[in-house]
Amino acid sequence: MFERFTKEARAVVVGAQEQARELGHETIGTEHTLLSLLAGENDTVRVALAGSGVDQASVRAAIIRHVGDRGEATAVADRDAEDAAALKAIGIDLEAVRAAIEENFGAGALRLPRPAPKKRGIFGRFSSVTTGHKPFSPRNKKVLELSLREAIRLKHNFIAPEHIMLGLLREGQGLAMRILTEFDVDFGELRSTLTEALKSPAAG
């Protein structure tokens with residue numbers, strides 16, 4: 001599948017890993033892909049989201065607000081997004097509960113201490129430090145798979161950054177979508193804008 005990615009789309013995938021590394025996150029989540037899309041060479045996604053006030057700085061601030069900038073945050077973020085949606089369905093506002101607890105017990109009262117790292121052999125201890133490789137979360141892997149489906153749907157033999165953003169919209173969950181929802185992004189309009197941009201002869 002990766003051979004179908006354009007140079008710009010490959011830069012998004014590589015950039016997502018860099019975004020996770022800069023934030024100190026152990027897993028590359030949908031939020032890191034969104035950050036990378038907003039930093040990429042392709043302007044379509046950035047311009048399409050700018051009208052809603054979404055830019056790289058605002059998304060980064062939202063990620064830090066939700067999960068911090070250190071630790072194994074991505075898996076927690078995905079679980080939090082699902083939990084928040086489930087609680088909202090029964091009338092409980094998770095953010096209001098969190099705010100009330102932090103008001104009474106202090107900021108970060110709900111954050112558990114990070115467990116001590118497990119001791120591993122000499123190669124295990126240094127490999128992640130030397131290579132810097134971080135795994136994609138299952139949800140983010142699905143986004144990349146859906147970007148291929150979006151390309152196929154549009155009868156394209158390439159995957160561009162716009163396809164990745166369409167894949168993120170199609171997957172519809174996770175921290176990236178939660179942040180875009182907080183900015184009141186019109187997903188239907190965004191999908192149409194990206195699709196139209198991909199129909200342009202310059203897109204391929």
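It should be emphasised that the depicted structure is a prediction, and the values quoted were computed from it without experimental measurement.
Here the closest non-hydrogen pair linking T6 and A160 is OG1-CA, 3.8 Å. V143 and L168 make their closest contact through CG1-N, 3.6 Å (heavy atoms, listed as atom of the first residue, atom of the second, distance). Taking every heavy atom of both residues into account, G53 and F183 meet most closely at O-CE2, 3.5 Å. Closest non-hydrogen pair, I159 versus A9, comes out as O-CB, 3.2 Å.
Counting heavy atoms from C-beta outward, T193 and V47 have side chains that stay 4.5 Å or more apart. At least one side-chain heavy atom of L154 sits under 4.5 Å from a side-chain heavy atom of L166. Side-chain contact between L175 and R139 is absent, with no heavy-atom pair separated by less than 4.5 Å. Looking at heavy atoms from C-beta onward, R10 lies out of side-chain contact with V13 at the 4.5 angstrom threshold. At a threshold of 4.5 Å between non-hydrogen side-chain atoms, the residues L190 and L194 count as touching. M177 places a side-chain heavy atom less than 4.5 Å from the side chain of F187. Considering only heavy atoms from C-beta on, L34 comes within 4.5 Å of L180 through its side chain.
Ion pair R60/E31 not flagged as a salt bridge, since none of the NZ, NE, NH1 or NH2 atoms sits closer than 4.0 Å to an Asp/Glu carboxylate oxygen. Ion pairing of E196 with K199 is present here, as a side-chain N (NZ or NE/NH1/NH2) and a carboxylate O approach within less than 4.0 Å. In this structure, R149 does not pair ionically with E171, as no charged nitrogen and carboxylate oxygen lie closer than 4.0 Å.
Note on L38 and I63: same hydrophobic cluster, where clusters join Ile, Leu, Val, Met, Phe, Trp and Tyr whose side-chain heavy atoms are under 4.5 Å apart, directly or indirectly. V12 and L169 end up in the same hydrophobic cluster when Ile, Leu, Val, Met, Phe, Trp and Tyr side chains are linked at under 4.5 Å. Under the 4.5 Å side-chain heavy-atom criterion for grouping Ile, Leu, Val, Met, Phe, Trp and Tyr, L148 is not connected to L146 through any hydrophobic cluster.
We find the CD1-CD distance between I28 and Q19 to be 10.5 Å, quoted to the nearest 0.5 Å. Note: F136 CZ to Q17 CD = 6.5 Å, rounded to the nearest 0.5 Å. In this structure, CG on D186 lies 7.5 Å from OG on S52, to the nearest 0.5 angstrom. In this structure, the separation between CG on L35 and OG1 on T30 is 10.0 Å, given to the nearest 0.5 Å. Between the CD atom of E162 and the CD atom of E8 there is a distance of 8.5 Å, given to the nearest 0.5 Å. In this structure, N140 CG and E145 CD are separated by 10.5 Å, a value rounded to the nearest 0.5 Å.
Under the 3.5 Å distance criterion, the side-chain polar atoms of K134 are left unmatched by any main-chain donor or acceptor of R21. Using a distance-only test at 3.5 Å, with no hydrogens or angles considered, no donor-acceptor pair links the side chain of S36 to the main chain of T33.
Qualifying side-chain hydrogen bond (donor to acceptor under 3.5 Å, both in side chains) partners for R153, counting only residues two or more places apart in sequence or in other chains: E150. Residues satisfying the side-chain hydrogen bond (donor to acceptor under 3.5 Å, both in side chains) criterion with D55, sequence neighbours excluded, are S58.
Residues E182 and H66 have side chains that bring a donor and an acceptor to within less than 3.5 angstrom of each other.
Of the options E22, E18, H25, a side chain to side chain donor-acceptor pair (under 3.5 Å) to H32 is made by H25 and by none of the others.
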Where do L49 and Q56 land on the side chain to side chain contact (heavy atoms under 4.5 Å, CB included) test, with the steps shown first? CA-CA 10 Å; L49 288 170; Q56 195 181 34; over 6 Å; no

